[in-house]
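Report on the structure given below.
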Amino acid sequence: MSKWVINESLCKGCGICIARCPLKILAYADHLTPKGVYPAAITDEAKCTSCAICARSCPDVAIEIYKEEK
Amino acid sequence: MTMKKVFSRPASLSKTPFHYCPGCDHGVIHRLVAEAIDELEVGDRTIGVAPVGCSVFAYDYFNFDFNQAAHGRAPAVATGIKRTRPDSIVFTYQGDGDLAAIGTAEIIHAANRGEKITVIFVNNAIYGMTGGQMAPTTLIGMKTQTSPYGRDASTAGNPIKMSEMIATLESPVYVTRVTINSVANLMKAKKAIYNAFKLQKEGKGFSFVEVVAICPTNWGKKPADSHKWLTENMLPVFPLGTFKDTLGVEKSA
């Protein structure tokens with residue numbers, strides 16, 4: 001199961017999560033959604049610290065964040 | 001390995017996709033309201049009042065009861081609801097065109113009567129829904145559809161500072177201005193909205209949270225650039241801070 005889950009049907013491609021990710025591991029995907037937007041995607045999930053800055057910044061609440069339980 | 005959920009949609013926020021433009025701050029503010037209602041466990045007795053403006057369809061986005069008032073009259077409708085159902089948690093969600101223009105009388109008098117309601121005031125310095133006309137909160141020199149040469153104080157006056165105005169009244173118990181231009185400020189905004197609803201849950205009095213927000217579409221800027229523009233231009237005119245906290249809710253939290 002991944003740490004970073006996006007509901008692409010909600011994403012409007014505004015890019016706020018991409019601009020705010022402290023590790024710069026978010027970018028636009030290269031496919032279009034049925035709405036006609038390039039959704040946000042994670043480029044290197046291994047680096048993700050589950051800080052949830054992207055999810056809290058998302059105006060469409062499209063991102064869910066999970067963390068590995070130790 | 002098991003995965004722990006760190007962040008997901010709050011229960012009080014419905015699954016309906018927002019109709020707002022890409023990057024609009026309304027979505028985040030809706031979420032903060034829903035989170036506050038969930039954390040206070042009052043979702044079963046909350047009644048919201050939507051304004052006229054972009055957030056006119058707010059009733060679609062929450063899993064609790066909602067009403068929709070005539071333009072600017074949300075505080076009057078909320079007064080009626082709160083007085084007939086005093087156990088309810090009643091809040092209005094209004095923009096600057098609704099609250100600071102056509103609804104000035106309603107908000108000032110609801111605040112002055114100390115109605116035990118919460119007001120979430122979203123200030124983005126422009127009329128969004130109607131296509132970007134000048135609002136009472138538009139900055140001096142700011143170009144809009146109806147101020148193509150920039151707002152001129154000699155003919156259009158100066159930006160109205162609602163929080164400062166309402167804080168001069170005796171009755172309100174909590175008046176604060178926050179923004180969501182960064183995650184740090186967003187967390188402060190979340191706390192302020194929580195405090196406002198907490199005061200109402202305790203039956204204290206009128207609470208008012210102004211959220212300085214962006215309108216990327218009508219400002220003609222990308223969402224990330226809009227937050228930068230807000231920081232550089234709006235915050236000097238609309239300084240953040242708590243203007244009134246009669247009961248010291250911020251210190252006790």
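Numbers restart at 1 for each chain; the letters A, B, ... are given by sequence-line order, proteins then strands.
Across all their heavy atoms, A:S57 and B:L186 have their closest contact at CA-CD1, 4.4 Å. Contact detail for A:V61 and B:F7: the closest heavy-atom pair is CG1-CE2, 4.3 Å. Scanning all heavy atoms of the two residues, the minimum distance from B:R9 to A:D60 falls at NH1-O, 3.5 Å. Taking all atoms of both residues into account, the shortest heavy-atom contact from B:G23 to A:C14 is N-CB, 3.2 Å. Among all heavy-atom pairs drawn from B:V28 and A:C58, the shortest one is CG2-O, 3.9 Å. The two residues A:K12 and B:F18 come nearest to each other via the heavy atoms NZ-O, 2.9 Å.
Each of B:V183, B:L32, B:I180 has some count of heavy-atom pairs under 4.5 Å with chain A, and the biggest count is that of B:V183. Across A:S9, A:A55, A:C51, the residue that shares the most heavy-atom pairs under 4.5 angstrom with chain B is A:A55. In terms of non-hydrogen atom pairs under 4.5 Å with chain A, the most contact-rich of B:C24, B:P22, B:A224, B:P17 is B:P22. Of all the listed residues (B:S182, B:P10, B:P216), the one sharing the greatest number of non-hydrogen pairs under 4.5 Å with chain A is B:S182.
For a residue to count as touching a neighbouring chain, one of its non-hydrogen atoms must lie under 4.5 Å from one of that chain's; by this rule A:R20 touches chain B with the side chain only. Neither the backbone nor the side chain of A:I18 comes within less than 4.5 Å of any heavy atom of chain B. Proximity to chain A (any heavy atom under 4.5 Å) is shown, for B:H26, by neither the backbone nor the side chain. Looking at A:A52, only its side chain comes within 4.5 Å of chain B, counting heavy atoms on both sides. For chain B, the nearby part of A:I16 is the side chain; its heavy atoms alone come within less than 4.5 Å.
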**OP:** Show the numbers, then the answer: is there a side-chain contact (heavy atoms from CB on, under 4.5 Å) between A:K67 and B:M3?
**Re:** CA-CA 5 Å; A:K67 195 171 189 170; B:M3 300 291 265; over 6 Å; no
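For NZ of B:K228, the number of neighbouring non-hydrogen atoms (other residues, nucleotides, ligands) closer than 6.0 Å is 12 at most. No more than 12 heavy atoms of other residues, nucleotides or ligands sit less than 6.0 Å from atom NZ of B:K4. Under a cut-off of 6.0 angstrom, the local environment of CD in B:E232 is crowded, with over 12 non-hydrogen atoms contributed by other residues, nucleotides or ligands. For A:Y28, the OH atom sits in a packed shell: over 12 heavy atoms of surrounding residues, nucleotides or ligands are nearer than 6.0 Å. By the neighbour-count criterion of 12 heavy atoms within 6.0 Å, atom NZ of B:K143 is sparsely surrounded, having that number or fewer from other residues, nucleotides or ligands.
With hydrogens and angles disregarded, no donor-acceptor distance shorter than 3.5 Å links the side chain of B:K5 to the backbone of A:E64.
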